[in-house]
Number of protein chains: 2
Amino acid sequence: MNIGEIAQRAGVSRSTVSYALSGKRPVSEDTRQKIQRVIDELGYQPNASARALANGRTNTIGLVFPPAGNHYTGMQLDFIGSVVEAAAAYDYDVLLSPSGVDSDRSFQRLLGERRVDGAILMEIRLQDDRIDHLTEVGFPSVAIGRTAQPEGSWWVGLDHTALASACVHHLADLGHRRVAFVNRPEQLLRAGYESAQRGLDGFTKAAAERGLTVRTYCCGDDAASGLACLERILRDDPATTALVTLNEAALGGLYRGLAQAGRHVPLDFSVTGVVASRWAETVTPQLTAADVPAEEMGRLAVDLLVQRLDHPGTPARYHLLAPPISLRASTGPAGTPALP
Amino acid sequence: MNIGEIAQRAGVSRSTVSYALSGKRPVSEDTRQKIQRVIDELGYQPNASARALANGRTNTIGLVFPPAGNHYTGMQLDFIGSVVEAAAAYDYDVLLSPSGVDSDRSFQRLLGERRVDGAILMEIRLQDDRIDHLTEVGFPSVAIGRTAQPEGSWWVGLDHTALASACVHHLADLGHRRVAFVNRPEQLLRAGYESAQRGLDGFTKAAAERGLTVRTYCCGDDAASGLACLERILRDDPATTALVTLNEAALGGLYRGLAQAGRHVPLDFSVTGVVASRWAETVTPQLTAADVPAEEMGRLAVDLLVQRLDHPGTPARYHLLAPPISLRASTGPAGTPALP
DNA sequence: TGAATTCATCGAACCGGTTCGAACGATCTT
DNA sequence: AAGATCGTTCGAACCGGTTCGATGAATTCA
């Protein structure tokens with residue numbers, strides 16, 4: 001069933017039906033009702049492809065996220081959920097595209113085949129060819145994350161430098177002097193992932209400021225890697241009394257490692273980091289951490305994108321968030337650890 | 001840039017370009033190359049909406065999942081990831097639709113506006129009006145989950161009855177006599193969620209078979225609820241020595257509750273259940289559980305759907321999976337618990 | 001009473017592909 | 001040499017909407 005059939009049954013032309021539905025030209029109350037009755041009776045809904053072809057808008061936004069392999073973290077789930085929800089509120093659908101780099105076929109299709117009106121990108125790298133490309137061709141997009149030169153592009157970001165720094169200061173204030181840093185996997189750090197790079201940066205600078213002795217580690221995104229990483233930390237420097245982690249997925253493993261090493265959190269070892277609150281609350285003791293406001297970020301990204309779509313030519317906008325550290329139960333004053 | 005422009009520059013007609021690209025009719029090697037050169041030079045990609053309008057296929061599948069509110073669990077994330085990945089392998093895109101019930105607007109749009117060729121549904125209820133509706137109108141879809149009367153519909157399911165039953169037998173074999181069951185939230189159980197209903201059923205029957213003393217609980221999908229639930233369990237029957245949980249998100253809270261009550265897992269309390277392996281491995285001690293093969297299920301669902309799309313009229317197919325219990329570290333022989 | 005204005009509606013063109021039947025020249029038969 | 005056959009290519013129609021200019025009837029004004 002199509003608009004022609006509706007028009008026939010209502011005894012009007014196709015264009016009148018179209019105008020009655022869109023309201024872009026006045027239609028008399030009589031005919032409007034006649035048309036509406038037919039539509040209700042037949043349960044007519046206009047074909048999305050035809051509409052998209054005619055007016056050049058798909059009413060769909062693309063959500064570009066990295067393919068698995070690097071396993072999904074809880075944060076990514078929260079992003080996806082909130083983006084979909086926020087988009088639905090604006091009557092936009094969300095098309096998922098698993099693409100890490102500009103050259104991915106799925107990414108090329110998204111743009112080239114005009115499947116979406118705009119895109120939201122996740123897992124940003126400091127040098128990100130996807131964003132360079134989109135900015136170059138002027139394709140409406142918003143990044144969840146911030147590149148090295150974010151000027152002129154639209155984004156919603158977390159101040160990872162400040163967050164990692166806040167963790168260091170929190171630990172230093174508690175008297176910790178020897179602190180380890182558990183980053184995302186080495187491959188991501190090398191690829192230039194923003195959170196991994198800026199987080200490391202913030203940690204290192206703040207530690208230097210406070211004169212701490214630190215070691216930094218990369219760690220796979222799973223519990224087993226977390227366990228292995230913690231063993232290395234205590235082997236490399238048994239006097240370590242605290243750690244900061246950006247690695248949500250390794251958290252369970254880190255805790256397990258501490259338990260196995262006979263360290264009690266927070267009595268003789270403190271743990272903190274940057275983690276979504278949902279996950280910080282599942283471990284025991286609950287993690288004192290800078291809570292990643294994933295839901296808010298997803299919503300803000302959609303807000304920005306819709307704004308950009310509705311008002312082309314608006315100068316670039318962004319949101320830089322720096323949530324405070326939520327004090328829970330995983331950090332405490334440094335004791336006097338037994339030196340080897 | 002469109003197919004007409006390519007045709008002009010290559011000095012052929014639009015139909016020839018179309019045939020050169022689709023291969024549905026022979027095109028001479030010469031013209032094919034001429035066309036290909038122009039396409040490469042201009043970076044032409046056919047417009048997805050136009051193509052969808054012309055041939056009636058969008059090359060997109062819909063993934064219908066419940067709106068947040070009931071917070072996402074790790075399993076859902078795994079499903080989404082694997083579905084997107086498997087679909088990409090078939091050159092299908094994935095459109096997300098947050099819809100719990102048939103009447104949701106987003107769900108109606110997916111179907112009525114012909115945005116997708118087929119759909120995959122998550123979080124199935126035993127009586128599910130979405131599936132009834134789809135079956136009725138013959139819309140190609142595959143459910144991840146199984147309704148009460150699954151005959152004639154396509155699905156990939158987990159044998160929750162058998163899984164919960166296996167957990168009970170495992171505990172009974174270890175000598176446990178008083179066992180609690182931690183289900184998903186009451187609202188989901190009441191709504192008739194398949195896993196909650198069949199899991200409860202399997203647990204209850206197996207417990208009766210083995211003559212166990214049991215209590216069953218519903219529990220919110222978060223750590224705080226898990227903690228509260230565990231406190232209730234021990235208050236209701238302090239002699240309880242083991243529990244079975246379907247609730248992944250509450251797991252952290254259950255563990256915390258046990259620790260606070262001074263119970264050591266697995267020495268004087270055993271925990272098991274049905275949980276995706278990734279999450280079973282993050283807790284300490286690692287959870288002995290029937291691992292939900294979320295990735296495999298997502299992949300199978302896409303396989304089935306593509307098959308159904310490619311060969312309309314094929315009789316309904318399904319996969320019922322019953323993964324074995326993975327022995328990890330959270331269960332052990334029942335001691336002689338101090339009775340009150 | 002005729003001209004100007006307003007309002008509602010219509011027909012046709014267009015968006016960018018796909019597909020069908022027809023036409024073309026070259027080769028093969030007989 | 002005329003006719004049949006084949007491989008290529010073209011033009012036109014179609015998918016189902018949107019949008020623009022035109023038309024005609026009703027209303028207002030001079």
Side-chain angles (χ1 to χ4, degrees), chain A residues 1-39 42-60 91 93 108-117, chain B residues 1-39 42-60 91 93 108-117:
Chain A
M1 161 204 2
N2 54 38
I3 201 175
E5 198 165 330
I6 303 297
Q8 267 191 358
R9 302 213 187 198
V12 299
S13 74
R14 302 197 305 150
S15 50
T16 302
V17 176
S18 178
Y19 286 125
L21 282 170
S22 70
K24 296 197 177 173
R25 276 199 194 174
V27 169
S28 77
E29 192 51 32
D30 265 15
T31 42
R32 183 193 309 286
Q33 285 183 8
K34 212 163 42 183
I35 291 170
Q36 193 56 53
R37 246 193 314 275
V38 178
I39 286 179
L42 272 67
Y44 165 75
Q45 286 179 269
N47 179 304
S49 304
R51 167 174 289 175
L53 175 58
N55 66 14
R57 309 199 74 211
T58 59
N59 254 270
T60 303
D91 263 328
D93 282 323
Q108 290 297 332
R109 279 201 353 197
L110 210 64
L111 305 187
E113 302 187 355
R114 311 251 122 78
R115 274 172 199 274
V116 299
D117 297 333
Chain B
M1 163 202 2
N2 55 37
I3 202 174
E5 197 164 331
I6 303 296
Q8 269 191 355
R9 302 214 188 198
V12 299
S13 73
R14 303 198 305 149
S15 50
T16 302
V17 175
S18 178
Y19 286 125
L21 282 170
S22 70
K24 296 197 178 174
R25 275 198 194 174
V27 170
S28 78
E29 192 51 32
D30 265 14
T31 40
R32 183 193 308 287
Q33 286 183 10
K34 212 162 43 186
I35 291 171
Q36 192 56 53
R37 246 192 315 274
V38 177
I39 287 180
L42 272 68
Y44 165 75
Q45 286 179 269
N47 180 305
S49 304
R51 166 174 289 174
L53 175 59
N55 67 15
R57 310 198 73 209
T58 59
N59 255 268
T60 302
D91 264 327
D93 282 323
Q108 291 296 334
R109 278 199 356 193
L110 210 64
L111 305 187
E113 302 187 355
R114 310 253 118 79
R115 272 171 202 274
V116 299
D117 297 333

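Throughout, a chain's letter reflects where its sequence line sits, starting with A, and its residues are numbered from 1.
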Test side-chain hydrogen bond (donor to acceptor under 3.5 Å, both in side chains) applied to [X] - qualifying residues, sequence neighbours left out:
| X | result |
| --- | --- |
| A/T60 | none |
| B/T31 | B/S28 |
| A/S18 | none |
| B/D91 | A/R105, A/R109 |

Tell me if the CD atom of B/Q8 is crowded by more than 12 foreign heavy atoms within 6.0 Å.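 No, not enclosed.
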Does a sphere of radius 6.0 Å around CD in A/Q33 hold more than 12 heavy atoms from other residues, nucleotides or ligands, not counting ones at 6.0 Å or beyond?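 Above 12, so yes.
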Length of the line joining A/E29:CD and C/dC7:P, which is rounded to integer Å: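 So the two atoms are 16 Å apart, to the nearest Å.
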Expected output is a numbered-order residue list: members of residues 5-19 of chain A with a heavy atom under 4.0 Å from any atom of DNA chain D. What is it?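 Close to the strand are A/R14, A/S15, A/S18, A/Y19.
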Using the C1' atoms of five pairs at each end, what's the angle between the two axes of the helix from C/dT1-D/dA30 to C/dT30-D/dA1, to 10 degrees?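 Overall, the helix from C/dT1-D/dA30 to C/dT30-D/dA1 bends by 60° from one end axis to the other.
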Quick one: salt bridge (Lys or Arg N to Asp or Glu O under 4.0 Å) pairs with a partner in residues 15-30 of chain A, sequence neighbours left out?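 Only A/E29-A/R32 qualify under salt bridge (Lys or Arg N to Asp or Glu O under 4.0 Å).
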Please figure out whether B/N55 or B/R32 has its closest DNA chain D nucleotide nearer the 5' end.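 Final value for this comparison: B/R32.
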Quick check on DNA chain D: between A/M1 and B/P26, whose nearest nucleotide comes earlier from the 5' end?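 Per heavy-atom nearest nucleotide, the more 5' residue is B/P26.
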Set of residues satisfying side-chain contact (heavy atoms from CB on, under 4.5 Å) with respect to A/E5, sequence neighbours excluded: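 Listed in chain order: A/M1, A/N2, A/R9, A/L42.
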Please name all residues satisfying side-chain contact (heavy atoms from CB on, under 4.5 Å) with A/A54, sequence neighbours left out, ordered by chain then number.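 side-chain contact (heavy atoms from CB on, under 4.5 Å) list for A/A54, sorted by chain: empty.
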What closest approach, in Å, do A/I35 and A/V17 show between heavy atoms, and which atom pair accounts for it?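 In terms of heavy atoms, the two residues are closest at CD1-CA, 4.0 Å.
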Identify the heavy atoms of B/N59 and A/R115 that sit nearest to each other, and give their distance.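 In terms of heavy atoms, the two residues are closest at O-NH1, 4.2 Å.
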CG-CD1 distance between A/N47 and A/I3, expressed to the nearest 0.5 angstrom: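 Between A/N47 CG and A/I3 CD1, I get 11.0 Å after rounding to 0.5 Å.
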Pair listing, side-chain hydrogen bond (donor to acceptor under 3.5 Å, both in side chains) test, anchored in residues 49-58 of chain A, at least two apart: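 The answer is A/R57-A/Y92, A/T58-A/D117.
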Go through residues 109-117 of chain B and report each residue with a non-hydrogen atom lying under 4.0 Å from DNA chain C, sorted by number.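 Heavy-atom cutoff 4.0 Å gives no residues at all.
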What are the 5'-most and 3'-most nucleotides of DNA chain D lying under 4.0 Å from any heavy atom of chain A?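 Here the contact window of chain A covers D/dG16 to D/dA22.
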For B/T31, report the nucleic acid contact type (base, sugar-phosphate, nothing); a contact means any heavy atom under 4.0 Å.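 Sugar-phosphate contact only.
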